[in-house]
Amino acid sequence: MAPANLLVIGMAGSGKTTFMQRLNSHLHAKKNPPYVINLDPAVLKVPYGCNIDIRDSVNYHKVMDHYNLGPNGAIVTSLNLFSTKIDQIVQLLDKRAENYNHVIIDTPGQIECFIWSASGSIITQALASAFPTIIVYLIDTPRTTSPSTFMSNMLYACSILYKTKLPMIIVFNKCDIKDYEFAKEWMTDFEAFQASMSSDQHNSSEGGDSGYMNSLINSMSLMLEEFYSQLDVVGVSSYTGKGFDEFLDIVDDKVKEYNDVYKAEQERILKQREQDEADRKVKNLSKLVKDLGIKDQNASTSRKKEDDYDGVNVLSDFEDDDDEEEEQEEDTINAPQREYTYEDERFEQIKQQAQQAKEDSTLEKITQYINKSN
């Protein structure tokens with residue numbers, strides 16, 4: 001059975017690395033160790049052992065110095081360099097598929113560097129095409145108590161879901177500080193969310209959000225109602241280990257969902273991409289042929305035959321078809337001399353050429369042809 005790939009994604013400070021460490025130790029405690037991959041090139045050290053670490057392949061600081069990049073640009077460039085070897089990563093995972101049930105993958109703290117970059121899409125699609133892949137979206141629960149912040153997180157989760165087209169689990173982290181029941185209530189009860197938003201506006205020291213902002217958040221909360229109904233939500237504490245058993249149960253359900261629903265969709269997307277690539281190649285080839293002026297060989301041959309036959313005896317009727325050297329000599333003599341002149345002058349020119357090469361049999365035939373025509 002193919003291992004479940006868990007892509008841990010979240011805003012900076014949401015606790016991704018701590019979550020990875022707790023999940024790793026939790027699985028080890030259950031005698032089911034995971035295969036661990038770190039894709040954050042800028043992290044100084046990680047509190048867990050990695051089977052594959054991007055820092056072993058790409059030096060973040062050297063990339064920054066060599067390409068004169070800032071922190072985010074260096075992260076994106078490091079991921080771009082690493083993604084060129086993603087086929088080798090997939091092969092390694094495939095060889096070890098029988099030994100592991102879970103592959104947990106830590107991503108950069110700057111979420112946009114992975115989700116919205118070309119390398120992030122390449123890595124995600126490569127994993128999803130070979131193994132059941134699940135997006136684990138981490139949310140900092142204590143910082144989501146404000147309705148506007150909560151809505152921002154949900155919109156980001158929605159955009160990630162529709163971009164990756166993969167199963168997603170919403171994980172409210174740091175539940176030892178703040179319980180996540182308020183978030184579950186907001187996701188299932190619009191009136192409760194609206195009441196909390198009104199209360200937050202009333203208690204705000206700055207007078208709360210504008211009427212336009214409140215109206216916008218209300219509208220978005222109604223729009224996301226269908227989105228909420230398709231999500232699996234769980235609260236965990238990476239500090240105490242609370243909620244990780246429930247999280248693993250949801251992972252098992254998502255693997256089944258991937259095999260039943262998302263796998264067929266991924267195969268359809270892959271076939272469509274291959275078809276689009278084949279159509280693009282055909283279109284480019286047709287354009288190249290058109291630009292070079294290459295025409296259909298049969299049509300060209302047919303047109304040439306029609307042009308050659310005009311119902312009048314030509315010089316080739318008097319020549320031996322097998323004598324290629326004589327034809328080349330004829331072209332050499334006649335080609336430069338073709339000019340738009342009077343008939344008498346043209347006759348004199350051809351007669352002079354024939355006189356200069358009497359001994360040549362081809363030119364004698366030319367002379368006979370001219371005399372016969374006149």
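Worth saying up front: this structure is predicted, and the values here are computed from it rather than measured.
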| said: For Leu285, is the CG atom crowded, meaning more than 12 foreign heavy atoms sit under 6.0 Å from it? | reply: yes
Check your understanding: Is Lys16 salt-bridged to Asp106, cutoff N-O under 4.0 Å?
Key -> no
- Message: Check this for me: does any side-chain nitrogen of one of Lys242 and Asp176 sit under 4.0 Å from a carboxylate oxygen of the other?
- Response: no
In the structure I gave you, are the side-chain heavy atoms of Ile86 and Ile122 within less than 4.5 Å of one another anywhere? yes
Closest non-hydrogen atoms of Ala130 and Val90, given as atom of the first, atom of the second and distance, are CB-CG1, 3.9 Å
For residues Ile169 and Tyr137, determine if any side-chain heavy atom of one lies less than 4.5 Å from a side-chain heavy atom of the other. no
Distance col, row Leu161:CG vs Gln230:CD, nearest 0.5 angstrom, shows 9.0 Å
Practice item. Would you sort out whether Lys178 and Asp140 count as a salt bridge (charged side-chain N to carboxylate O under 4.0 Å, His left out), showing the intermediate values? Key: CA-CA 9 Å; Lys178 176 67 177 178; Asp140 189 347; over 6 Å; no
* Asked: Is the closest side-chain donor-acceptor distance between Gln272 and Asp276 under 3.5 Å?
  -> yes
Within the 4.5 Å heavy-atom criterion, are Cys158 and Leu224 side-chain neighbours or not? yes
Do Tyr239 and Ile177 pass the side-chain contact (heavy atoms from CB on, under 4.5 Å) test, and can you show the C-alpha distance, the side-chain angles, and the key distance before you say yes or no?
CA-CA 10 Å; Tyr239 181 73; Ile177 301 175; over 6 Å; no
Which of Asn5, Val255, Ile250 passes side chain to side chain contact (heavy atoms under 4.5 Å, CB included) with Ile134? It is Val255
### Message
If you count heavy atoms of other groups shown closer than 6.0 angstrom to NZ of Lys256, is the number above 12?
### Response
no
Please step through salt bridge (charged side-chain N to carboxylate O under 4.0 Å, His left out) for the pair Lys254 and Glu257, ending with a clear verdict. CA-CA 5 Å; Lys254 287 296 181 181; Glu257 182 181 342; 3.2 Å; yes
Distance-only, no hydrogens or angles: does the Thr133 side chain make a donor-acceptor pair with backbone N or O of Phe131 under 3.5 Å? yes
Take Gln110 and Val76 through the side-chain contact (heavy atoms from CB on, under 4.5 Å) test and state the conclusion after the steps. CA-CA 10 Å; Gln110 289 75 9; Val76 173; over 6 Å; no
CG (Asp232) and CE (Met168) are apart, to the nearest 0.5 Å, by 11.5 Å
For Ile37 and Met20, the nearest pair of non-hydrogen atoms, with its separation, is O-CE, 4.2 Å
Separation between OG (Ser121) and CG (Leu79), nearest 0.5 Å, reads 11.0 Å
Requested in this report: Determine, stepwise, if the pair Ile170 / Val136 fulfils side-chain contact (heavy atoms from CB on, under 4.5 Å).
Outcome: CA-CA 6 Å; Ile170 301 293; Val136 180; over 6 Å; no
### Asp53 (side chain) donor-acceptor with Asp56 (main chain) under 3.5 angstrom
no
Interatomic distance, CD1@Ile111 vs CD1@Ile160, rounded to 0.5 Å, equals 3.5 Å
For Ala74 and Val63 the tightest heavy-atom approach is O-CG1, 4.0 Å
Does the side-chain hydrogen bond (donor to acceptor under 3.5 Å, both in side chains) test come out yes or no for Asp279 and Gln275, once each step is laid out? CA-CA 6 Å; Asp279 293 342; Gln275 183 63 40; 3.0 Å; yes
Problem set entry | Under 3.5 Å donor-acceptor, His26 side chain and Arg22 backbone | no
Nearest heavy-atom contact between Phe227 and Ala157 is CZ-C, 3.9 Å
Closer than 3.5 angstrom, by distance alone: can the side chain of Asn153 be matched with the main-chain N or O of Thr149 as a donor-acceptor pair? yes
- Give the intermediate values and the outcome of side-chain contact (heavy atoms from CB on, under 4.5 Å) for residues Cys50 and Val46. CA-CA 8 Å; Cys50 296; Val46 291; 3.9 Å; yes
Of Trp186, Tyr228, Phe182, the one forming a ring-ring contact (aromatic ring centres under 6.0 Å, His included) with Phe193 is Trp186
CZ of Phe172 to CD of Glu181, rounded to nearest 0.5 Å, is 10.5 Å
- Phe19 side chain near Phe247 side chain, heavy-atom distance below 4.5 Å: yes
Single-linkage hydrophobic cluster Ile54~Leu92, side-chain heavy atoms < 4.5 angstrom: yes
**Report entry** Pair Asn24-His28, side-chain donor/acceptor within less than 3.5 Å
**Finding:** yes
Nearest heavy-atom contact between Gly15 and Asn173 is O-ND2, 3.6 Å
Rounded to the nearest 0.5 Å, the OH atom of Tyr48 sits from the OG1 atom of Thr17 at a distance of 5.0 Å
Checking Asn32, Asn51, Leu93 against Tyr100 for side chain to side chain contact (heavy atoms under 4.5 Å, CB included), the one that qualifies is Asn51
Just by modelled atom types, is the Val8 backbone N or O under 3.5 Å from a matching donor or acceptor in the Thr107 side chain?
-> yes
query: Is the shortest distance from a Lys or Arg side-chain nitrogen in Arg280 or Glu277 to a carboxylate oxygen in the other one below 4.0 Å?
result: yes
When every non-hydrogen atom of Ile135 is compared with those of Thr164, the smallest separation belongs to CG1-OG1, 3.9 Å
Q. Below 4.5 Å, heavy atoms only, C-beta onward: do Tyr35 and Asn101 meet side chain to side chain?
A. no
Check your understanding: Heavy atoms, side chains only, cut-off 4.5 Å: are His102 and Pro3 in contact?
Key -> no
**Request:** May I ask you to say whether Asp179 pairs ionically with Lys184, meaning some side-chain N is under 4.0 Å from a carboxylate O?
**Result:** no
| message | Do Pro41 and Phe82 make a side-chain contact, defined as non-hydrogen atoms from C-beta onward lying under 4.5 Å apart? | response | no
Counting only N and O atoms by type, is there a donor-acceptor contact under 3.5 Å from the side chain of Tyr60 to the main-chain atoms of Pro71? yes
- Message: Is any side-chain heavy atom of Thr124 closer than 4.5 Å to one of Phe114?
- Response: yes
